[in-house]
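A short worksheet on the structure shown next.
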Amino acid sequence: MDNWEIAKILKEIGEYLEMEGEAFKPRAYQAAGEAIEEMDDSLSEIYKRGGLKALEEIPSVGVSIAEKIEELLKTGHLKYYESLKKKTPVDLSQLTTVEGVGPKIIKKLYEKLRIKNLETLEKAARAGKIRKLEGFGEKSEENILKSIEFLKQSGKRFVLGFILSQVEVIVERLKRLKGVEKISVAGSIRRMKETIGDLDILIVSEKPGPVMDFFVSMPEVKQVLAHGQTKSAVRLKNGLDADLRVVEKKSFGAALCYFTGSKEHNIALREIAIKNGWKLNEYGLFKSKSKNDWIQIAGETEEEIYKKLSLDYIEPEMRENWGEIELAKNHKLPKLIGYHDLKGDLQIQTDWTDGANSIEEYALAAKKMGLEYIAITDHTKTLAMTGGCDEKKLLRQMAFIDKLNKKLGGKPKILKGAEVNILKNGSLDIDDRVLAKLDVVAAAVHSHFNLPRSEMTRRISRAMANPFVDIIFHPTGRIINERPPYEVDVEELIKTAKKTKTYLEIDAYPNRLDLKDEHAKKAIEAGLKLAIDSDAHSINHLQYLKFGIAQARRGWATKNDIINTRPWPDLLKLLKH
DNA sequence: GCCGTTTTCGGCCCGACTGTTTTCAGTCG
């Protein structure tokens, strides 16, 4: 049993206990589940090394939960969990994805209508059975249906940033295997799309048999879908389908290109080949010697294929047929921002509000990552649920940061900031006189998501007109697979941002990625610079910056287009005050 | 059920929002 499975079970226990109306236990299980999800070491290793005692060392895990983890590791089962599940046998992971449906409602729906999963929930809602239950009405039934509709649309795609580390573990393991000469991930993962449908791995191997055998018997595998000599496919326990293909060395580049896609990009490449009288497929680029007799002229690497097609090499993130082929032909491709180009992070939530770590812990973690500065941007007072800062608390935090900067010698430099809440009418919930004292001011929408498009656009534009607001955080408010963006005219926001010298953000948190690639591209085309921030709520989240960079690369951003690729003194010159 | 440089017992984030009610329960972050 791996960490992921154990964390899921603990979190589900939390939900079951919430159904029972338990007051504090649910949070304990929830916290333990989350702590385990964030761990790098495997529980079974920890247990092997130090037994129960070592498990209890894990934060949020005490005697009782440690024993449960032990039972899971030893037997693969947990009696306690099973008895809870027996009492209310519902598909929690499915039902909790419906917005507005929580444990209490799930329990009621099960007891009154025997609803167990999305399918039976939708059926009951469509039949008008839910509105008749006490405490429910037409509106709640309608909202359930709406949410199910949204879930269906967002489909079964995985958020890249939440799954990539698991993918990397598998690839690393295969890479070390004897007989694997070359290996690469292809598909939408290689293009760093925000969500991915499956995992495609390509390898070169003289003896693929043992590699395939190894692949289908990995511990993450739940089901083997295919097991052949050149292709195997498995379904992983986390629900992801993974394909492994073996190709010949001379075809590796062609296969990589073919399976990386996008389909549209590949079609455009193939058209160029055809115009030259050639053909391009997953085995290579070929020209015809005589009828039905083709000679390979490229294919071992992607580079030589692009070169033969008279194109500059196109980075995977740009392969969407959004005009990149034209640019490659004319040697006008932008030099994309690199994955190590950020000098700082401008959005971090600390334990002053809803973050998990202290300012100092973030500073040390950022330094380790090579960042020169970080902005502390805790929430403000109208976001009461996070313990948002009022003016007084912000001033206290500023004084605290001054002291900490002295202590750490400015490495990294800690900037005083805030994620100021934009109120319904576009005004801010912190007084301008206090904003004036901050190094960097960001503003964001956290409520009233349902305003009409024009009103929402006006609201955010008004915030940008504030003389102290430098950045708008997560400008469209979407959460991938959970919530669509609010209605807002992004192009208008881009214009206003330029006019008011405000920047828009690419929030790098894996299920936000907001602005998304298309919008980032539009902003950059309009000459607006962007910020890439982690939106970290714990020091582990700082690593999410790379997904923001990926999104920027997908939007064709160069280093110059991103404000926080600059050292702090240069960035300072770009800010309003 | 976890945790402790306020505590080994007594706290545990808590207010906005929604949809249902007519004073509130449940969800969300």
Side-chain angles (χ1 to χ4, degrees), chain A residues 9-36 52 55-70 78 80-81 84 92 95-109 111 125 130-147 349-356 358 360 378-390 393 419 421-424 429 444-451 473-474 477-479 482-483 486 507 509 511-512 535-538 541:
Chain A
I9 288 174
L10 292 176
K11 285 164 86 173
E12 284 201 8
I13 290 175
E15 316 245 20
Y16 278 121
L17 293 171
E18 212 157 305
M19 284 183 195
E20 304 302 321
E22 287 273 2
F24 297 105
K25 280 193 203 178
R27 186 159 302 142
Y29 279 93
Q30 189 76 20
E34 277 165 15
I36 288 166
L52 260 183
L55 293 176
E56 286 174 40
E57 300 280 301
I58 300 165
S60 303
V61 174
V63 184
S64 173
I65 291 182
E67 279 172 359
K68 292 188 171 68
I69 295 171
E70 180 182 46
L78 179 58
Y80 181 59
Y81 171 66
L84 289 167
L92 272 180
L95 290 174
T96 47
T97 58
V98 182
E99 252 188 297
V101 173
K104 298 274 167 63
I105 287 178
I106 291 173
K107 185 181 166 75
K108 199 168 199 178
L109 290 174
E111 283 174 353
I130 289 174
R131 69 179 71 184
K132 289 183 191 140
L133 294 179
E134 202 189 319
F136 293 79
E138 263 177 58
K139 201 84 186 202
S140 32
E141 192 172 83
E142 201 179 290
N143 283 341
I144 286 171
L145 282 172
K146 251 193 224 161
S147 175
Q349 272 70 236
T350 73
D351 59 3
W352 284 65
T353 56
D354 62 347
S358 68
E360 186 165 0
D378 277 302
H379 288 293
T380 52
K381 61 187 172 194
T382 45
L383 228 62
M385 65 236 183
T386 64
C389 299
D390 58 12
K393 191 168 168 187
E419 179 176 3
N421 201 16
I422 302 177
L423 303 175
K424 189 179 176 191
D429 70 342
V445 166
H446 297 98
S447 63
H448 299 102
F449 292 141
N450 291 325
L451 298 182
F473 280 170
H474 45 74
R478 71 158 178 180
I479 298 191
E482 281 178 34
R483 163 175 104 196
Y486 41 71
D507 187 310
Y509 205 83
N511 63 359
R512 281 199 183 263
D535 197 354
H537 283 64
S538 98
H541 298 161

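Side chains included, hydrogens not; waters and symmetry mates left out as well; all remaining heavy atoms used. As the structure is a computational prediction, the values presented were derived from the model and not from experiment. Chain naming here is simple, since letters A, B, ... match the order of the sequence lines and numbering starts at 1 in each.
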Name the residue closer to the 5' end of DNA chain B, choosing between A:Ile106 and A:Ser140 according to the nucleotide with the nearest heavy atom.
A:Ser140

Is A:Gln349 touching bases, backbone alone, or none of the nucleic acid, heavy atoms closer than 4.0 Å?
nothing

side-chain contact (heavy atoms from CB on, under 4.5 Å) between A:Leu52 and A:Glu67: does it pass, once the steps are laid out?
CA-CA 7 Å; A:Leu52 260 183; A:Glu67 279 172 359; 4.2 Å; yes

Picking from B:dT18, B:dC12, B:dC2, the nucleotide nearest the side-chain atoms of A:Asn143 would be B:dT18

Looking for any heavy atom pair under 4.0 Å, which part of the strands does A:Pro26 touch: base, sugar-phosphate only, or nothing?
nothing

Let me know the distance between CD1 of A:Ile130 and P of B:dT20, rounded to the nearest Å.
12 Å

Round to the nearest Å and state the distance from A:Lys146 atom NZ to B:dG19 atom P.
8 Å

With no hydrogens and no angle check, do the side chains of A:Gln349 and A:His541 hold a donor and an acceptor under 3.5 Å apart?
no

Looking at every strand, decide which applies to A:Lys104 at a 4.0 Å heavy-atom threshold: base, sugar-phosphate, or nothing.
sugar-phosphate

Nearest-Å distance, CD (A:Glu56) to C1' (B:dT8)?
15 Å

Residue whose nearest DNA chain B nucleotide is more 5′ - A:Val101 or A:Ser447
A:Ser447

Can you tell me how far C1' in B:dT6 sits from the matching atom in B:dC12, rounded to whole Å?
15 Å

Quote, to the nearest angstrom, the P distance that separates B:dT21 from B:dT27.
16 Å

If I take atom CZ from residue A:Arg512 and atom NE2 from residue A:His474, how far apart are they, to the nearest 0.5 angstrom?
4.0 Å

Tell which nucleotide pairs with B:dG10, taking only Watson-Crick or G-U wobble pairs whose two distances are both under 3.5 angstrom.
B:dC3

Considering only B:dC12, B:dG19, B:dG26, which nucleotide approaches the side chain of A:Ile105 most closely?
B:dG26

Over all strands shown, is A:Lys68 touching base, sugar-phosphate only, or nothing at heavy-atom distances under 4.0 angstrom?
sugar-phosphate

Of the candidate nucleotides B:dC13, B:dC2, B:dG19, which contains the atom at the shortest distance from the side chain of A:Ser64?
B:dC2

On a whole-Å scale, what distance lies between the C1' atoms belonging to B:dC13 and B:dT20?
25 Å

Can you tell me how far P of B:dC28 sits from NE2 of A:His446, to the nearest Å?
17 Å

From B:dT27, B:dG19, B:dC2, nucleotide with atom closest to A:Pro103 side chain:
B:dT27

CG of A:Leu92 to CD1 of A:Ile9, rounded to nearest 0.5 Å, is 12.0 Å

Rounded to whole Å, the CZ-P distance (A:Arg131 to B:dG19) equals 14 Å

Is A:Arg483 close enough to B:dC28 that one of its side-chain N or O atoms is under 4.0 Å from OP1 or OP2 there?
no

Please give the distance between the C1' atoms of B:dT8 and B:dC3 as a whole number of Å.
9 Å

Pairwise C1' distance, B:dG1 and B:dT5 [rounded to whole Å]
24 Å

Remember a base hit wins even if backbone is also touched, and classify A:Glu22 as base, sugar-phosphate or nothing at under 4.0 Å, heavy atoms.
nothing

Any chance the side chains of A:Thr350 and A:Asp378 put a donor and an acceptor closer than 3.5 Å?
yes

Give the nucleotide from the list B:dG19, B:dC2, B:dC13 with an atom nearest to the side chain of A:Ala28.
B:dC2

Does A:His448 reach a base, just sugar-phosphate, or nothing at all? Heavy atoms under 4.0 Å.
sugar-phosphate

With under 30° as parallel and over 60° as perpendicular, where do the rings of A:Tyr486 and A:Phe449 fit, or are they tilted in between?
parallel

Take the protein atom CG of A:Leu10 and the nucleotide atom P of B:dC2, then report the distance between them rounded to whole Å.
10 Å

Rounding to an integer number of Å, can you tell me how far A:Ile36 CD1 sits from B:dG1 C1'?
13 Å

Using the P atom as the point on both nucleotides, what is the distance between B:dG11 and B:dC17, in whole Å?
30 Å

Does any non-hydrogen side-chain atom of A:Leu109 lie less than 4.5 Å from one of A:Leu95?
no

To the nearest angstrom, how far is A:Leu133 atom CG from B:dA25 atom P?
18 Å

